[in-house]
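Report on one structure; see the data block that follows.
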Amino acid sequence: MRIDYAQTARIIASLTDGERDDVALMATVVCELHHADDRFDWTGFYRVVAPDLLKIGPYQGGHGCLTIPFARGVCGVAARTGEVQLVDDVDAFPGHIACASSTRSEIVLPVRDAAGDIIAVLDIDSDQPAAFDDRDVEGLSRIMDDVFGCVRAARQA
Ligand code: SME
């Protein structure tokens with residue numbers, strides 16, 4: 001089954017209408033994305049909890065590592081550069097963090113709030129090589145903008 005991004009975006013918009021809590025939003029987004037596409041074997045968020053640190057958020061799939069410094073992993077690159085990471089072969093990505101040995105490819109998108117600050121990254125792993133392409137970048141980016149573009153993150157004290 002392959003995701004229909006426009007339909008999934010409509011479902012998520014309906015389910016999250018009026019919601020501004022980013023954890024509730026993340027849990028809903030992850031649930032709808034994960035079950036919409038057979039390529040998505042791990043779907044989750046890592047939240048920015050300190051200037052250079054990510055901590056796991058809502059996810060679906062096997063256990064994920066709890067913390068990722070911005071200096072490490074595909075998620076760390078996405079968080080510190082603010083750029084989407086489209087990884088066809090995780091074994092060829094320097095510093096890739098393998099939460100599951102079955103993972104072959106990965107896409108990671110920075111998630112920005114209404115102020116444009118990066119509040120998290122969305123990480124999707126696939127057991128299929130080169131599973132993701134620009135259609136996923138566009139579809140996922142639009143959902144992230146729709147859902148989190150109106151969230152004002154609670155500033156870390
Ligand atoms: N692969 C990610 C780590 C998160 S686990 O895949 C859920 C990375 O390299 O940052």
Side-chain angles (χ1 to χ4, degrees), residues 1-3 5 8-9 12 15-16 21-113 116-149 151 153-154 156:
M1 173 175 58
R2 188 99 178 202
I3 190 169
Y5 281 111
T8 301
I12 290 171
L15 292 170
T16 61
D21 177 80
D22 57 4
V23 174
L25 293 169
M26 290 177 182
T28 305
V29 167
V30 161
C31 178
E32 293 306 314
L33 289 178
H34 189 72
H35 296 290
D37 197 304
D38 295 336
R39 294 173 295 158
F40 300 176
D41 293 298
W42 193 95
T43 311
F45 286 94
Y46 281 88
R47 297 165 294 122
V48 177
V49 297
D52 293 316
L53 186 65
L54 295 165
K55 191 168 287 288
I56 201 162
Y59 68 93
Q60 302 249 344
H63 69 268
C65 55
L66 300 186
T67 59
I68 301 177
F70 278 30
R72 295 193 60 220
V74 183
C75 293
V77 174
R80 67 175 183 267
T81 65
E83 295 174 4
V84 174
Q85 302 299 308
L86 199 51
V87 183
D88 286 343
D89 175 5
V90 296
D91 293 332
F93 191 95
H96 168 256
I97 301 169
C99 291
S101 58
S102 58
T103 300
R104 291 291 171 270
S105 60
E106 183 167 4
I107 184 170
V108 182
L109 293 84
V111 178
R112 291 179 169 82
D113 66 6
D117 296 328
I118 296 177
I119 60 172
V121 297
L122 172 69
D123 179 17
I124 303 178
D125 294 341
S126 181
D127 294 349
Q128 302 171 35
F132 307 104
D133 60 28
D134 288 340
R135 288 170 296 180
D136 299 296
V137 174
E138 181 181 348
L140 293 168
S141 297
R142 186 163 302 172
I143 291 172
M144 293 304 105
D145 291 345
D146 290 349
V147 175
F148 299 99
V151 167
Q156 303 299 334

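Counting starts at 1 for both ligands and their atoms, in listed order.
Heavy atoms of Val90 found under 4.0 angstrom from ligand 1: none, in either backbone or side chain. Residue contacts with ligand 1, taken as heavy atom pairs separated by less than 4.0 Å, involve Ile97 via backbone and side-chain atoms alike. Looking at Arg72 against ligand 1, nothing comes within 4.0 Å, counting heavy atoms. Contacts of Val108 with ligand 1, taken as heavy-atom pairs under 4.0 Å, are absent altogether. Residue Tyr59 does not touch ligand 1, judged by heavy-atom distances below 4.0 Å.
Considering both main-chain and side-chain atoms, Val74 comes within under 3.5 Å of ligand 1 through a nitrogen or oxygen pair. Residue Gly64 has no nitrogen or oxygen atom sitting less than 3.5 Å from a nitrogen or oxygen atom of ligand 1, judged on distance alone. Checked by distance only, ligand 1 and Trp42 stay at 3.5 Å or farther apart across all their nitrogen or oxygen atoms.
Under the 3.5 Å distance criterion, the side-chain polar atoms of Asp38 are matched with a main-chain donor or acceptor of Met1. Tyr46 places a side-chain N or O within donor-acceptor distance of the main-chain N or O of Cys65, the cut-off being under 3.5 Å.
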Legend entry - Derivation and outcome, side chain to side chain contact (heavy atoms under 4.5 Å, CB included), residues Leu33 and Thr8: CA-CA 7 Å; Leu33 289 178; Thr8 301; 4.2 Å; yes
Inset, instruction - List the steps, then state whether salt bridge (charged side-chain N to carboxylate O under 4.0 Å, His left out) holds for Asp133 with Arg2. - result: CA-CA 13 Å; Asp133 60 28; Arg2 188 99 178 202; 3.8 Å; yes
Legend entry - Candidate pair Ile124 and Leu140, rule side chain to side chain contact (heavy atoms under 4.5 Å, CB included), full reasoning: CA-CA 10 Å; Ile124 303 178; Leu140 293 168; 3.8 Å; yes
Inset, instruction - Any chance you could lay out the side-chain hydrogen bond (donor to acceptor under 3.5 Å, both in side chains) test for Ser105 and Asp88, step after step, and finish with the verdict? - result: CA-CA 5 Å; Ser105 60; Asp88 286 343; over 6 Å; no
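Ranking protein heavy atoms by distance to atom 5 (S) of ligand 1, first place goes to Cys99 SG, 2.6 Å. Remark: minimum distance from atom 2 (C) of ligand 1 to any protein heavy atom is reached at Glu106 OE2, 3.2 Å. Nearest protein heavy-atom contact of atom 4 (C) of ligand 1 is Asp123 OD2, 3.3 Å.
Ring planes of Trp42 and Tyr59: parallel class, angle under 30° (limits at 30 and 60°).
Not a single heavy atom of Phe93 sits under 4.0 Å from any atom of ligand 1.
The atoms of ligand 1 that sit less than 4.0 Å from any heavy atom of Asp125 are 5 (S), 6 (O), 7 (C). Atoms of ligand 1 lying under 4.0 Å from any heavy atom of His96, numbered from 1 in the order shown and given with element: 1 (N), 9 (O). Using a 4.0 Å cut-off to heavy atoms of Tyr46, the atoms of ligand 1 that qualify are 4 (C), 7 (C).
When side chains are defined from C-beta on, Ile107 does not count as touching Val87, because their heavy atoms never get closer than 4.5 Å.
Residues Phe45 and Phe148 place their aromatic rings such that the two centres sit under 6.0 Å apart.
A salt bridge is absent between Arg39 and Asp127: the closest approach of a Lys/Arg side-chain nitrogen to an acidic carboxylate oxygen does not fall below 4.0 angstrom.
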